[in-house]
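Only one structure is covered here, and it is reproduced in the block below.
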Amino acid sequence: MIYTCTLNPSIDYIVQVSDFMYGELNRGERTDYYPGGKGINVSRVLKRLEIDNTALGFLGDFTGDFIKSFLLKEKIRTDFIEVNGTTRINVKLKSNQETEINGAGPNISDKDLQQLFDQIRQLQPNDILVVAGSIPASVPNDFYVKIAEICTENKVKMIADTSSQALKELLGTKLFLVKPNQHELGELFDVRIDSIENAVYYGKQLQQQGAENVIVSMGGDGAVYISDNNCFIAKAPKGKVINTVGAGDSMVAGFLTAYNKGLEQDDIFRYAVATGSATAFQADLCEKKNVETLLQLVELKKAEF
Ligand SMILES: Nc1ncnc2c1ncn2[C@@H]1O[C@H](COP(=O)(O)OP(=O)(O)O)[C@@H](O)[C@H]1O
Ligand SMILES: O=P(O)(O)OC[C@H]1O[C@](O)(COP(=O)(O)O)[C@@H](O)[C@@H]1O
């Protein structure tokens, strides 16, 4: 079984304003509300790709209720822990540029954290757990490391898609997959990743630090995949970009879907890239048919290692 865990879910409030003017009254031309947070996006895309999964994490108040009922409508199994505060609303402003404001999120108590540990201790060998997104300020930065220890003990495969200090803490931890984007990887090693060569070099460092599979995503430029002694480089398909929020999460869901089907490494990566791009070309997250259309448009090559 696949589980996702989102410590800090959100409602993603997407507002389109042509020619946004700072300090003026701007009127939204189109507004959309989606459940967000990286693990929740992974769960939603997995479901669309016909992979059963359960979404875990913390939700609170009316924003939490919105997310729960949205996921229920999409027939996604959930087992969220109810917290006292209000689940955050993240603002995604689409104008000439994309601007994002991600909220801080509610306080999570020690009791809530213990409850989550208890849930994770119930997972079975060969289950997969995707921990994704930021760690709320009230939760220690090494929280994912503690989860990883439980996963290792119970032979659960752990995937991490996070950034900043939470990602730094995970260096040296055994992970099944880690998927930083180029900026997150650059921040991790205090460098600027502006070429495929750089992405391969630092991706390999991550592999040496304990990750079995590493994908470095590079937005419209595609991605790099490192596993065993193999390295693949993919160019993303070209298309009309509508909303890139959740593209990285979709990539993780695409990877898992293809891995679950037992595909070869190159085809797993092709599927992951197609899924990320399929989401970038939709207002909401992608559907299976969007992914299948893009599969043959992903240009992939094997690189010398
Ligand atoms: N502008 C784009 N055009 C085509 N594909 C895209 C675009 N932006 C993202 N993608 C696809 O989604 C994947 C993940 O995007 P990226 O922005 O790197 O991740 P994140 O959302 O984690 O920052 C990319 O590797 C690519 O396949
Ligand atoms: O937990 P964080 O780092 O604040 O990120 C949360 C945001 O990331 C998202 O999950 C999107 O992630 P990606 O664009 O990286 O795939 C949004 O749904 C959410 O608003």
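Computed from heavy atoms alone, side chains included, the values below leave out hydrogens, waters and symmetry copies. We count ligands from 1, going down the list as the structure has it; atoms in each ligand are counted the same way. None of these values were measured; they are calculated from a predicted model.
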Give a yes or no on whether a salt bridge exists between E98 and K92, defined as a side-chain N under 4.0 angstrom from a carboxylate O.
no
Starting from atom 25 (O) of ligand 1, what is the nearest protein heavy atom, named by residue and atom, and what distance separates them?
G222 O, 3.0 Å
Do M21 and N26 touch side chain to side chain, with heavy atoms closer than 4.5 Å?
yes
Using a 4.0 Å cut-off to any heavy atom of V241, which atoms of ligand 1 qualify?
1 (N), 2 (C), 3 (N)
Within a distance under 4.0 Å of any heavy atom of F281, pick out the atoms of ligand 1 and give their elements.
3 (N), 4 (C)
Could you check whether E299 pairs with K238 (Lys NZ or Arg NE/NH1/NH2 to Asp/Glu carboxylate O, under 4.0 Å)?
no
Any N/O of S217 closer than 3.5 Å to an N/O of ligand 1?
yes
Should the proximity of K179 to ligand 1, defined as any heavy atom under 4.0 Å, be assigned to the side chain, the backbone, both, or neither?
side chain
Does even one non-hydrogen atom of H183 get within less than 4.0 Å of ligand 1?
no
Would you call S250 and V291 a side-chain contact if the rule is heavy atoms closer than 4.5 Å?
no
Check each of G219, G220, G276 against atom 26 (C) of ligand 1 and report the one with the nearest heavy atom.
G219
Is a salt bridge present between K157 and D127, judged by a nitrogen-to-oxygen distance below 4.0 Å?
no
Of the backbone atoms (N, CA, C, O) and the side-chain heavy atoms from C-beta on, which set of P237 has a member under 4.0 Å from an atom of ligand 1: side chain, backbone, both, or neither?
backbone
Applying a heavy-atom cut-off of 4.0 Å, say which part of V273 lies close to ligand 1: side chain, backbone, both or neither.
both
Students should be able to answer this: which protein heavy-atom is nearest to atom 27 (O) of ligand 1, and at what distance?
S277 OG, 3.1 Å
Among protein heavy atoms, which sits nearest to atom 21 (O) of ligand 1, and what does the distance come to when rounded to 0.1 Å?
G248 N, 3.0 Å
Contact set, ligand 2, heavy-atom distance under 4.0 Å, ordered by chain/number, equals S10, D12, G36, G37, K38, N41, R88, N90, K92, N102, G133, S134, T244, V245, G246, A247, G248, D249
So that I know where these two stand, are F70 and F66 an aromatic pair - ring centroids less than 6.0 Å apart?
yes
Protein contact of atom 23 (O) of ligand 1 - nearest heavy atom, named by residue and atom, plus distance:
N181 ND2, 2.9 Å
Pair D266 + R270, salt bridge at N-O below 4.0 Å:
no
Residue, atom name and distance, where the atom is the protein heavy atom closest to atom 13 (C) of ligand 1
M251 SD, 3.8 Å
Look at the rings of Y225 and F255 and say which category their plane angle falls in: under 30° parallel, 30 to 60° tilted, over 60° perpendicular.
perpendicular
Would you mind checking if R48 and E74 are paired as a salt bridge, meaning a charged N to carboxylate O distance below 4.0 Å?
yes
